[in-house]
Amino acid sequence: MQEQYEPSVIEPAAQRYWDQHQVFAARESAENSQPEREKYYCLSMFPYPSGRLHMGHVRNYTIGDVLSRFMRMRGKNVLQPMGWDAFGLPAENAAMINGVPPAKWTYDNIAYMKKQLQSLGLAIDWDREVATCRPEYYRWNQWFFLRMLEAGIAYKKTGTVNWDPIDQTVLANEQVVDGRGWRTGALVEKREIPMYYLRITQYADDLLQALDTLPGWPERVRAMQANWIGKSVGVRFAFTHDVRGADGRLIDEGKLWVFTTRADTIMGVTFCAVAAEHPLATHAARNQPQLAAFIEECKQGTAQEAELAQMEKKGMATGLYVTHPLTQEQVPVWVGNYVLMNYGEGAVMAVPAHDERDFGFALKYNLPIKQVIDVSAGVRNDESYSLTTWRDWYGDKQHGICIHSGKYDGLNYQQAVDAIAADLKAINLGDKQTQWRLRDWGISRQRYWGCPIPIIHCPSCGDVPVPDDQLPVVLPEDKVPDGSGNPLGKDPSFYQCKCPKCGDDARRETDTMDTFVDSSWYFLRYACADNSNSMVDARVNYWLPVDQYIGGIEHAILHLLYSRFWTRAMRELGLVDVAEPFTHLLTQGMVLNEIYFRKPAAGRIQYFNPTEIDWQTDDKGQRTNPTLRADGQPVEFAGIGTMSKSKNNGVDPQKLVELYGADTARLFTMFAAPPEQTLEWSDEGVQGAHRFMKRLWRAVYEHVKLGPVASGLNTSELNAAQKDLRRAVHQALSKVTDDIQRRRIFNTAIAAVMELMNTLAKFNDVTPNGRAVMQEALEKVVLMLSPIVPHVCHTLWNELGHGSTVIDQSWPEVDASALQQDTLEIVVQVNGKLRGRVVISAQATEQEARAIALADENVQRWVEDKPVRKFIYVPGKLINVVV
RNA sequence: GGCGGUGUGGCGGAAUUGGUAGACGCAGCGGACUUAAAAUCCGCCGGGUAACACCGUACCGGUUCGAGUCCGGUCACCGCCA
């Protein structure tokens with residue numbers, strides 16, 4: 001065995017072995033004599049082929065790889081695929097800069113990044129690789145889009161869309177962040193264009209309720225999805241009025257519609273508030289310049305819920321009144337800057353007594369406050385209702401009872417809502433209604449580098465679907481966008497076509513699909529990537545659902561929601577059996593690094609890579625005075641932030657692998673933080689991980705150097721030290737198994753192995769029994785670490801004398817007898833404070849333990865002759881003497 | 001404002017069901033080896049004390065024999081909210 005650990009030699013060798021023996025090729029059924037194994041589909045979110053891997057990829061794919069390899073050793077039939085989310089804007093942007101077609105840029109990037117992924121030693125079945133920009137893949141986007149069109153799940157409508165003036169494209173609502181395009185940051189404009197939508201709102205209730213069937217998902221992701229879907233159950237009803245517009249007709253047919261979740265407070269309405277754009281506001285402003293000015297001011301304001309909640313509530317009376325549908329009272333109408341036209345009805349009823357926002361508004365503008373709910377019943381008898389100070393319990397609907405509400409007096413929340421909704425329905429002015437925040441998913445994009453929407457526009461037949469036998473509509477791959485709109489619209493060879501129905505000249509749709517479409521079902525296609533005859537086949541039902549999905553928290557809402565929707569649509573159309581595609585979800589934290597900069601008197605801030613910085617340490621060991629190594633001059637430390645090009649704090653995985661090897665990179669990313677938390681990069685930490693690799697190598701080297709172990713392990717002949725070592729080995733094994741299998745935490749599993757290695761280093765017994773114990777210990781260490789650092793374990797397993805390979809080994813079993821102890825150390829507390837430790841027999845009774853504990857010198861010092869009031873005994877762990 | 005989360009040494013983090021707070025690693029300090037350095041190995045490493053005592057898991061209070069962990073309240077920070 002070679003003395004030096006050389007990852008640059010052993011890593012390619014291990015990878016070559018895996019490759020030649022096709023060990024990661026997944027099969028759907030049992031082969032030859034192999035017994036039927038349970039399937040395990042381990043999926044990592046596929047990357048966008050941006051050019052190079054970043055550390056986030058390394059972290060993501062290492063987590064997936066550790067789980068895949070672990071599950072394989074646990075006897076599962078594992079599928080771990082990989083592919084490319086290959087359509088999208090960055091390719092077009094790169095094309096504009098370099099003058100190269102997006103297709104070439106994308107395919108080149110895929111080739112390079114695939115090599116990078118392979119250098120990490122991931123246990124991927126590359127035979128199933130998919131790239132969403134290939135016609136073999138996206139033809140099924142088109143095919144299924146047509147099925148959805150037939151089923152009414154997809155439809156066309158003209159609507160107001162968000163127009164990004166820089167990217168020249170439509171954005172989904174969720175792609176607008178703070179009123180700006182999510183990629184460009186440009187202020188979004190409104191445009192009216194025809195586009196295709198998917199009826200995700202039809203599935204809103206199911207998508208919401210089924211979140212409860214996903215205990216394997218993080219709580220916060222489920223909360224974010226529920227929040228996004230935004231179900232609110234309430235009552236939609238109308239105040240009547242006879243306000244007529246300039247044309248003499250009643251505005252909105254004489255009805256001011258509102259939606260409320262607190263219909264039980266309807267008798268407490270003292271005014272209504274409408275949005276600045278509401279027809280009543282517009283009407284009232286015609287001859288009130290002051291109101292018109294206020295409306296203009298409101299229109300400048302935000303449309304963001306978050307900002308809305310924080311800004312100062314302002315309003316102005318319109319002078320108009322509407323009639324309360326149940327009391328016939330005249331209710332004044334105000335314009336409020338906190339009411340949004342495109343949310344709900346653009347108008348709200350105001351109940352100042354029981355809504356904090358309305359309460360503040362009423363105080364500010366001196367509007368009446370009428371209490372109609374009494375919460376004192378059993379809950380709040382210590383405080384009374386005040387007209388000047390808001391208390392949170394004014395809005396309590398759990399314990400409230402209607403008062404001052406005529407026939408509704410005495411009803412609780414649900415009873416009151418039911419009764420009031422029924423009364424409103426009876427007079428035809430309202431009914432119960434469920435409102436959703438979620439909107440239908442607009443998928444049309446006026447972009448080139450995406451999947452063409454398979455529709456032909458015929459002057460006489462209208463919108464005609466491309467017949468199935470003419471699919472796919474192939475995207476030409478030679479175009480170079482120049483920023484002046486969609487190249488497809490300028491290419492007659494693409495858009496000129498014949499109508500499939502009447503054969504006349506027609507024009508092909510030049511919009512392409514949102515790239516979220518591509519990623520909404522790629523995990524299904526991995527199961528049958530080689531099938532050129534159908535979108536999915538029986539193999540999909542074998543592999544699905546995904547047992548473990550791993551990816552970034554940034555996809556917690558959109559991608560995961562769209563995938564859940566798409567899978568449901570496919571199930572509805574009889575293509576797959578499952579509704580929920582992902583059983584367990586792990587959202588890994590981001591990779592952070594330190595940020596350093598200098599701010600010159602003139603010019604832009606200059607950022608420095610953390611590797612170029614030197615620190616000094618003060619007498620407390622704390623770092624001070626960062627300087628730039630190149631010139632020794634001070635730099636500013638700006639804290640920790642996500643790795644990014646603009647902050648010049650990225651770490652190139654390629655260089656890391658070249659310098660230390662893939663195993664070190666894998667070990668560090670798994671060790672530095674739990675998978676769900678952020679990971680702070682540390683070059684010293686990487687060196688520490690590399691140091692451990694070398695220690696591991698040397699431990700095996702020192703052992704192997706002594707020649708083959710003479711005798712097998714005979715557990716009945718071991719001395720105390722040998723037994724202790726065996727116990728340490730099996731304790732570590734027990735912990736590592738639990739950490740990976742149940743807890744999905746790898747840093748503590750690695751820590752346990754490190755601790756074991758520290759113990760091993762102190763064990764210098766070269767007797768036959770001692771060496772046999774050491775052989776077992778090292779074998780277990782190699783097996784335990786093989787999912788995490790597979791290359792070195794591949795080599796070490798053979799060096800330990802095995803003809804077989806570690807990839808084919810089963811996960812080791814804990815030997816329960818090795819864990820047994822004759823004596824136990826028990827912690828003794830006196831009055832809850834640690835005062836001593838005693839060693840007792842493992843079989844000792846509580847009486848015996850008590851006698852030994854009380855006899856202990858340290859314990860006696862604290863107990864003295866005080867009477868023992870209480871004696872707590874936690875067997876095997878702790879004694880607490882209360883005196 | 002709403003929802004969700006977090007708060008532990010100089011740093012990343014550990015403590016899994018209420019039972020030894022600080023595992024493991026990094027940094028630092030001391031030592032061995034070396035002409036020297038690097039590498040490697042050994043030891044120390046929350047505050048406090050001569051040594052104990054004592055103090056210590058954001059803050060205030062509670063439950064308990066016992067609280068980082070459970071409960072009530074406060075503060076700070078992070079994430080998400082067409």
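Just the heavy atoms: all of them, side chains too, but no hydrogens, waters or symmetry mates, feed the values below. Keep in mind that this is a model prediction, so the values were computed, not measured. In what follows, every chain begins at residue 1, and chains take the letters A, B, ... in the order their sequences are listed.
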Taking the minimum atom-to-atom distance to the side chain of [X], which one of [options] wins?
X	options	answer
A:Arg837	B:U20, B:G19, B:C80	B:U20
A:Glu684	B:A27, B:A23, B:G13	B:A27
A:Lys694	B:U16, B:C24, B:U40	B:U40
A:Lys877	B:C81, B:G19, B:U16	B:G19

Q) In Å, rounded to the nearest 0.5 Å, how long is the span from CE of A:Met784 to CG of A:Leu756? A) 5.5 Å
Can you list the residues that meet the ring pair (Phe, Tyr, Trp, His ring centres under 6.0 Å) rule with [X], with sequence neighbours excluded?
X	answer
A:Tyr196	A:Phe145
A:Tyr338	A:Phe361
A:Trp681	A:Phe668

Nearest whole angstrom, please: distance from the [atom2] of [N] to the [atom1] of [X].
X	N	atom1	atom2	answer
A:His555	B:G79	NE2	P	18 Å
A:Lys762	B:G43	NZ	C1'	11 Å
A:Ile745	B:A15	CD1	C1'	11 Å
A:Arg743	B:U16	CZ	P	8 Å
A:Leu756	B:G25	CG	P	12 Å
A:Asp164	B:A82	CG	C1'	15 Å
A:Tyr5	B:U40	OH	P	14 Å
A:Glu680	B:C26	CD	C1'	12 Å

Using the [atom1] atoms only, state how far [M] lies from [N], rounded to an integer number of Å.
N	M	atom1	result
B:C59	B:U69	P	11 Å
B:A32	B:A37	P	12 Å
B:A14	B:G7	C1'	16 Å
B:G56	B:G72	C1'	23 Å
B:G73	B:C81	C1'	27 Å
B:C71	B:U63	C1'	7 Å
B:U16	B:G10	C1'	28 Å
B:G66	B:G18	C1'	8 Å

Q. Does the side chain of A:Leu560 come within less than 4.5 Å of A:Trp217's, by heavy atoms?
A. yes
(Q) Can you confirm whether A:Lys231 sits close enough to A:Thr434 that some side-chain heavy atom of one is under 4.5 Å from a side-chain heavy atom of the other? (A) yes
(Q) List the residues meeting side-chain contact (heavy atoms from CB on, under 4.5 Å) with A:Lys314, not counting sequence neighbours, and say none if there are none. (A) A:Phe294, A:Glu297, A:Glu312, A:Asn337, A:Lys364, A:Tyr365
**Q.** Test of ring centre spacing under 6.0 Å for A:Phe516 and A:Trp441
**A.** no
Of all the heavy-atom pairs spanning [X] and [Y], show the shortest one and how long it is.
X	Y	result
A:Ala749	A:Ile740	CB-CG1, 4.3 Å
A:Cys298	A:Ala276	CB-CB, 3.6 Å
A:Thr759	A:Ala728	CG2-CB, 4.4 Å
A:Thr261	A:Ser232	CG2-CB, 4.0 Å
A:Gly589	A:Arg59	O-NH1, 2.8 Å
A:Val883	A:Asn831	N-OD1, 3.0 Å

Q. Any donor-acceptor pair under 3.5 Å between the side chain of A:Arg698 and the base of B:U40?
A. no
Q. Is a donor-acceptor contact shorter than 3.5 angstrom present between the side chain of A:Arg742 and the base of B:U16?
A. yes
Which part of the nucleic acid does [X] contact within heavy-atom distance under 4.0 Å: base, sugar-phosphate only, or nothing?
X	value
A:Asp738	base
A:Gln677	sugar-phosphate
A:Ala672	sugar-phosphate
A:Ile557	sugar-phosphate

Got a sec, which residues hit salt bridge (Lys or Arg N to Asp or Glu O under 4.0 Å) with [X], two or more places apart in sequence or on another chain?
X	result
A:Arg222	A:Glu219
A:Arg742	A:Asp738
A:Lys647	none

Where do N or O atoms of nucleotides 49-51 of chain B meet protein N or O atoms at under 3.5 Å, pair by pair?
none

Contact list (N/O, under 3.5 angstrom) for nucleotides 54-58 of chain B vs protein:
from	atom 1	to	atom 2	distance (Å)
B:C54	OP1	A:Arg835	NH2	3.3
B:C54	OP2	A:Arg835	NH1	3.4
B:C55	OP2	A:Lys833	NZ	3.2

Q. Which residue lies toward the 5' end of RNA chain B, A:Ser682 or A:Ala761, if each is placed at its nearest nucleotide?
A. A:Ser682
Q | Position toward the 5' end of RNA chain B (nearest nucleotide), A:Leu438 or A:Asp739 | A | A:Asp739
Q | Phosphate OP1/OP2 of B:G25: any A:Asn758 side-chain N/O under 4.0 Å | A | yes
Q: State whether A:Arg695 places a side-chain N or O below 4.0 Å from either non-bridging phosphate oxygen (OP1 or OP2) of B:C41.
A: yes
Q. Relative to each other, are the rings of A:Phe565 and A:Tyr203 parallel, tilted or perpendicular (30° and 60° limits)?
A. perpendicular
Q: Residues of residues 214-223 of chain A with any non-hydrogen atom less than 4.0 angstrom from an atom of RNA chain B: list those, numerically ordered, please.
A: A:Arg220
Q. Using the purine O4'-C1'-N9-C4 or pyrimidine O4'-C1'-N1-C2 torsion, is B:G66 syn (within 90° of 0) or anti?
A. anti
**Q.** Stem list, RNA chain B (Watson-Crick or G-U pairing under 3.5 Å, at least 3 consecutive pairs)
**A.** B:1-7 with B:75-81, B:10-12 with B:24-26, B:28-32 with B:40-44, B:58-62 with B:70-74
So which protein nitrogen or oxygen atoms get under 3.5 Å of nucleotides 63-68 of chain B's nitrogens or oxygens?
from	atom 1	to	atom 2	distance (Å)
B:C65	OP1	A:Lys870	NZ	3.2
B:C65	O2'	A:Asn880	ND2	3.4
B:C65	O2	A:Asn880	ND2	2.5

